[in-house]
Amino acid sequence: MRLGVLDVGSNTVHLLVVDAHRGAHPQPMSSEKSVLRLAEQLDGSGTLTREGADQLVRAVAAAKATATGFGCEDLMAFATSAVREAGNSTDVLERVRTETGVDLQVLSGEDEARYTFLAVRRWYGWSAGRLLCLDIGGGSLELAVGVDEAPEEACSVPLGAGRLTRTRFRGDPPSRAEVRETAEWLAEQLAPVAKRLKRVGPPDRVVATSKTFRTLARLTGAAPSSAGPRARRVLTDAGLRQLIAFISRMSATDLAGLEGVSPSRAHQLVAGALVAEATMRALSLTELEICPWALREGVILRRLDHTNGLHQDTPEDRPRRTGDTGRTDRHGARWS
């Protein structure tokens, strides 16, 4: 079957179209992004502005049209921290549903960690043993660890690259004092998280996902995207520290000129690198691998797990009310 997954994040609205069926490797058919930076369109009271909501509606409508054009049997649409934290999220979601017909689901941070962990587990398989998975987004950092497909511990903390750029830095590039103080602050924030994860036991394999980690790995010498998703890519603590010393002195404009750096994310690269370095330090990690699968793939895999061989929804997949918001939960959109 052909499926579409629409990821409304803090920075982008990303549509991924895949051909997939239960037990098979999802084959990407199309991928397109719209840069909205929704997290930067929250006003002082935490409300998504009218302009931000307008852009979101247009982006979702365009993604739906693309998915329809590709013949998708289903469009799974979800939103993460920017919409989750908006004070008017209920109104925004209702407007999206009314004007586009797309029922945008809001994932909790813990569910983000769980779906991402599932994708990483499927990519590496059981031989990877106990996995520790890290994902830096625009608004939050997700961490999960475990030996099964469901992690033993999964958590989300508000330490996203975009959030820290907005709240911790005043200059471009940030001052040395801002970089130093942010690194010290991150160490304090991550100490209890690291303690919680370490109680599970030492990981056999440490894996990172997300654009931030991929970019950092590329800037420290990992293979380019042209090498394909199966090329082994790693990020070391030593390489990351050297990179921070270099990029923390560069403006966003200069960073955007580096190979592998997305212009739309260049302004938050330094903050993302600091989060990565602080996380590795807190968890006593010297190296991690980069996984090409992440949250979107996890949502697709979970959806396929809930579909029988005749491509019919199981009772678990049928729409059910979510009580707290009155919205409908479809196709395993919430971890259960």
Side-chain angles (χ1 to χ4, degrees), residues 109-110 112-121 123-137 140-148 151-161 164 179-180 182-223 231-248 260 268-295 298:
E110 183 175 298
E112 285 189 60
R114 289 177 178 272
Y115 283 121
T116 301
F117 185 87
L118 172 63
V120 171
R121 170 59 73 190
W123 181 267
Y124 286 102
W126 298 114
S127 64
R130 178 179 287 116
L131 277 172
L132 172 59
C133 179
L134 314 175
D135 188 296
I136 300 174
S140 58
L141 164 69
E142 276 69 50
L143 310 95
V145 62
V147 297
D148 298 319
E152 297 168 65
E153 286 284 355
C155 55
S156 176
V157 287
L159 300 177
L164 264 64
V179 171
R180 182 183 67 254
T182 297
E184 294 171 352
W185 178 80
L186 282 168
E188 296 174 0
Q189 300 300 308
L190 286 166
V193 178
K195 183 177 181 180
R196 174 180 167 186
L197 294 175
K198 285 180 177 180
R199 282 200 296 263
V200 176
D204 298 303
R205 199 164 199 160
V206 183
V207 178
T209 70
S210 78
K211 179 66 173 178
T212 296
F213 273 117
R214 290 198 304 272
T215 300
L216 295 173
R218 177 70 187 111
L219 290 174
T220 57
R232 186 173 186 268
R233 298 172 174 88
V234 299
L235 177 65
T236 66
D237 59 340
L240 182 55
R241 286 194 299 271
Q242 293 175 2
L243 179 64
I244 290 173
F246 175 62
I247 64 174
S248 62
Q268 62 186 45
L269 182 61
V270 173
L274 290 174
V275 173
E277 196 276 335
T279 304
M280 294 182 72
R281 184 185 297 273
L283 292 168
S284 305
L285 306 175
T286 59
E287 180 181 286
L288 49 81
E289 295 183 54
I290 307 300
C291 179
W293 280 5
L295 176 58

Considering non-hydrogen atoms only, spot the tightest contact between Arg121 and Gly129 and give its length.
NH2-O, 2.7 Å
Please step through side chain to side chain contact (heavy atoms under 4.5 Å, CB included) for the pair Gln189 and Val157, ending with a clear verdict.
CA-CA 9 Å; Gln189 300 300 308; Val157 287; over 6 Å; no
Which pairs, with at least one residue in residues 183-195 and sequence neighbours excluded, count as a salt bridge (Lys or Arg N to Asp or Glu O under 4.0 Å)?
none
Where is the tightest heavy-atom contact between Ala154 and Arg196, given as atom of each residue plus distance?
O-NH2, 3.3 Å
Residues in side-chain contact (heavy atoms from CB on, under 4.5 Å) contact with Ala231, at least two apart in sequence or another chain:
Ala223, Ala227, Arg233
Rounded to the nearest 0.5 Å, how far apart are CD of Glu112 and OG of Ser156?
6.0 Å
Residues forming a side-chain contact (heavy atoms from CB on, under 4.5 Å) with Ala271, sequence neighbours excluded:
Leu164, Thr165, Phe169
Ala238: which residues meet the side-chain contact (heavy atoms from CB on, under 4.5 Å) condition with it, sequence neighbours left out?
Thr236, Arg241
Could you grab the distance from atom CZ of Phe117 to atom CG of Leu134, nearest 0.5 Å is fine?
11.0 Å
Shortest non-hydrogen pair, Ser248 vs Val270, comes out as CA-CG2, 3.9 Å
Measure the OG1-CG distance between Thr286 and Leu240 for me, rounded to the nearest 0.5 Å.
12.0 Å
Applying side chain to side chain contact (heavy atoms under 4.5 Å, CB included), run through Leu190 and Leu159 and close with a yes or a no.
CA-CA 9 Å; Leu190 286 166; Leu159 300 177; 3.8 Å; yes
Name all residues meeting the side-chain contact (heavy atoms from CB on, under 4.5 Å) criterion together with Val234; count only those two or more places apart in sequence or in a different chain, and write none if there are none.
Arg232, Glu287, Glu289
Closest approach of Thr116 and Cys133, non-hydrogen atoms and distance?
CG2-SG, 3.8 Å
Side chain to side chain contact (heavy atoms under 4.5 Å, CB included) assessment of Leu118 paired with Val120:
CA-CA 5 Å; Leu118 172 63; Val120 171; over 6 Å; no
Kindly write out the residues that satisfy side-chain hydrogen bond (donor to acceptor under 3.5 Å, both in side chains) with Arg214, not counting sequence neighbours, or none if the list is empty.
none
Shortest non-hydrogen contact between Ala217 and Ile290, atoms and distance:
CB-CG1, 3.7 Å
Which heavy atom of Cys155 sits nearest a heavy atom of Ala113, and at what distance?
O-CB, 3.9 Å
Show the atom names and distances, to 0.1 Å, of all donor-acceptor pairs under 3.5 Å that link a side chain in residues 272-282 to residues at least two apart or in another chain.
| unit_1 | atom_1 | unit_2 | atom_2 | d |
| --- | --- | --- | --- | --- |
| Glu277 | OE2 | Arg281 | NE | 3.1 |
| Glu277 | OE2 | Arg281 | NH2 | 2.6 |
| Thr279 | OG1 | Val275 | O | 2.7 |

Rounded to the nearest 0.5 Å, what's the gap from NZ on Lys211 to CG on Asp135? Could you check?
13.5 Å
What's the separation between atom CG in Leu216 and atom CZ in Arg218, rounded to the nearest 0.5 Å?
12.5 Å
Would you find a donor on one side and an acceptor on the other, under 3.5 Å apart, between the side chain of Ser210 and the backbone of Ile136?
yes
Sequence neighbours excluded, which residues qualify as side-chain hydrogen bond (donor to acceptor under 3.5 Å, both in side chains) partners of Thr212?
none
Taking C-beta and beyond as the side chain, do Phe213 and Leu288 meet within less than 4.5 Å on heavy atoms?
yes
Taken in chain and number order and not counting sequence neighbours, the residues that satisfy ring pair (Phe, Tyr, Trp, His ring centres under 6.0 Å) with Trp293 are His25, Trp123
Glu110: what forms a side-chain hydrogen bond (donor to acceptor under 3.5 Å, both in side chains) with it, not counting sequence neighbours?
Arg114
Between Leu283 and Leu143, does a side chain to side chain contact (heavy atoms under 4.5 Å, CB included) hold up when you go through it step by step?
CA-CA 11 Å; Leu283 292 168; Leu143 310 95; 4.2 Å; yes
My understanding is that only residues two or more places apart in sequence, or in another chain, count here; which of them pass side-chain hydrogen bond (donor to acceptor under 3.5 Å, both in side chains) with Gln268?
none
